[in-house]
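Each remark here refers to the structure printed beneath this line.
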Amino acid sequence: MKVGILSVGQVPREVLLELGHALPKVFPDTACSVFNEQVPIPADAFVQKRNQYNSSVILSQVKVFAASNAGFDRVLGVIDVDVFASGLNYVFGEAYTPGKAALISLWRLKPSFYGETAGSDVFVSRAVKEAVHELGHTLGLRHCAKGSCVMHFSNSIFDTDKKQSLFCGQDYLQASLAISTLG
Ligand SMILES: [Zn+2]
Ligand SMILES: [Zn+2]
């Protein structure tokens, strides 16, 4: 699986590079690269009364980008603003299930958001888990009941911290099968 990592708006490049390094360790037959260009945050994604961005609007922009970069099987958009999805106060990310585009937000993954003093390793580990989770959705995987599986739904950062960056056996099998049918 060829994954392109895309900055949507201003995102620290070192985080994108860390993701590009980590994802091939989780997904079989996978290579990652970080796009040099970034796409702007779509202006119509901002919802003034919530002071948040609509993740679905941003995700559809990532989908458009993915469609014009056919050399990539998947595009992971990374954004650093607070995002929500319909019916949810906030989300860590969103993806088409299945599809070519996924999105994660770094905003609520930062230890500082919770007044924590944890270092950047905690932050990167959270970002990797959310990236694996959303890319898992693009391969058709749904939420998993196992709390340690990366496909477990994160209702809060505690769930994210509790789960691993790895798939359970069954989800790994399903992800591998989906990847083997690409290209
Ligand atoms: Zn999910
Ligand atoms: Zn699972």
Side-chain angles (χ1 to χ4, degrees), residues 1 3-6 8 11 15-16 18-20 22-30 32 45 50 52-63 65-66 72-110 113-114 122-182:
M1 170 167 71
V3 179
I5 301 173
L6 175 68
V8 183
V11 175
V15 180
L16 306 180
E18 296 261 24
L19 288 172
L23 293 173
K25 293 183 183 164
V26 178
F27 293 94
D29 300 319
T30 291
C32 283
R50 302 180 65 127
Q52 282 181 311
Y53 292 78
N54 184 326
S55 73
S56 308
V57 175
I58 302 164
L59 179 62
S60 69
Q61 165 137 332
V62 176
K63 183 187 181 180
F65 186 92
F72 291 86
D73 299 306
R74 297 292 185 269
V75 174
L76 172 71
V78 182
I79 195 163
D80 195 11
V81 294
D82 197 16
V83 293
F84 74 96
S86 164
L88 297 167
N89 289 334
Y90 65 88
V91 291
F92 297 119
E94 189 180 348
Y96 297 106
T97 310
K100 290 192 133 195
L103 176 74
I104 64 163
S105 163
L106 303 177
W107 193 257
R108 289 175 186 258
L109 302 179
K110 293 172 198 160
F113 182 85
Y114 303 95
V122 169
F123 171 55
V124 169
S125 149
R126 289 170 174 172
V128 170
K129 289 173 187 178
E130 293 308 324
V132 171
H133 181 98
E134 297 307 338
L135 286 168
H137 279 318
T138 69
L139 294 170
L141 274 66
R142 308 227 163 236
H143 286 148
C144 181
K146 299 185 187 79
S148 62
C149 174
V150 75
M151 291 314 295
H152 192 74
F153 176 65
S154 283
N155 214 1
S156 75
I157 201 67
F158 302 107
D159 301 315
T160 305
D161 286 342
K162 220 162 53 185
K163 67 189 181 186
Q164 302 181 328
S165 59
L166 301 173
F167 296 107
C168 68
Q170 200 175 347
D171 283 328
Y172 183 77
L173 200 62
Q174 198 188 333
S176 304
L177 277 172
I179 289 171
S180 70
T181 62
L182 295 172

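Just so you know, ligand 1 is whichever comes first in the structure, and atom 1 is the first atom listed for that ligand.
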*How open is the angle at the Zn ion (ligand 2) from atom SG of Cys144 over to atom SG of Cys149, rounded to 10 degrees?*
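That angle is 110°.
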*Geometry at the Zn ion (ligand 2) - Asp171 OD2 versus Cys168 SG angle, rounded to 10 degrees*: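 With the Zn ion (ligand 2) as the vertex, the angle is close to 100°.
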*Would you indicate whether the side-chain heavy atoms of Asn54 and Val83 approach each other to under 4.5 Å?*
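No - every pair of side-chain heavy atoms lies 4.5 Å or more apart.
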_Arg74 side chain vs Thr138 backbone, donor-acceptor pair below 3.5 Å_ =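 Looks like yes, one N/O pair under 3.5 Å.
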_Counting the benzene-type ring for Trp, do His152 and His133 have ring centres under 6.0 Å apart?_
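Ring-ring flag for His152/His133: false, centres at least 6.0 Å apart.
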*asked:* Less than 6.0 angstrom separating the ring centers of Phe167 and Phe27, yes or no?
replied: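 So the answer is yes for these two rings.
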*Ser148 and Lys162: side-chain donor and acceptor closer than 3.5 Å?*
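Per modelled atom types, Ser148 and Lys162 side chains form no pair under 3.5 Å.
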*Leaving waters out, which protein N, O or S atoms fall under 2.8 Å from the Zn ion (ligand 1)?*
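Those protein N, O or S atoms (cut-off: under 2.8 Å from the Zn ion (ligand 1)) are His133 NE2, His137 NE2, His143 NE2.
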*asked:* Against the six-membered ring of Phe92, is Arg108 placed for a cation-pi contact (under 6.0 Å from the centre, within 45° of the normal)?
replied: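 Because its charged atom misses either the 6.0 Å distance or the 45° angle limit, Arg108 does not stack over Phe92.
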_When you measure from the Zn ion (ligand 2) to the N, O or S atoms of His152, does any of those distances fall below 2.8 Å?_
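No, His152 does not qualify, because none of its backbone or side-chain N, O or S atoms lies under 2.8 Å.
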*Might you confirm whether atom NZ of Lys63 has over 12 heavy atoms from other residues, nucleotides or ligands at distances under 6.0 Å?*
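Result for NZ/Lys63: open.
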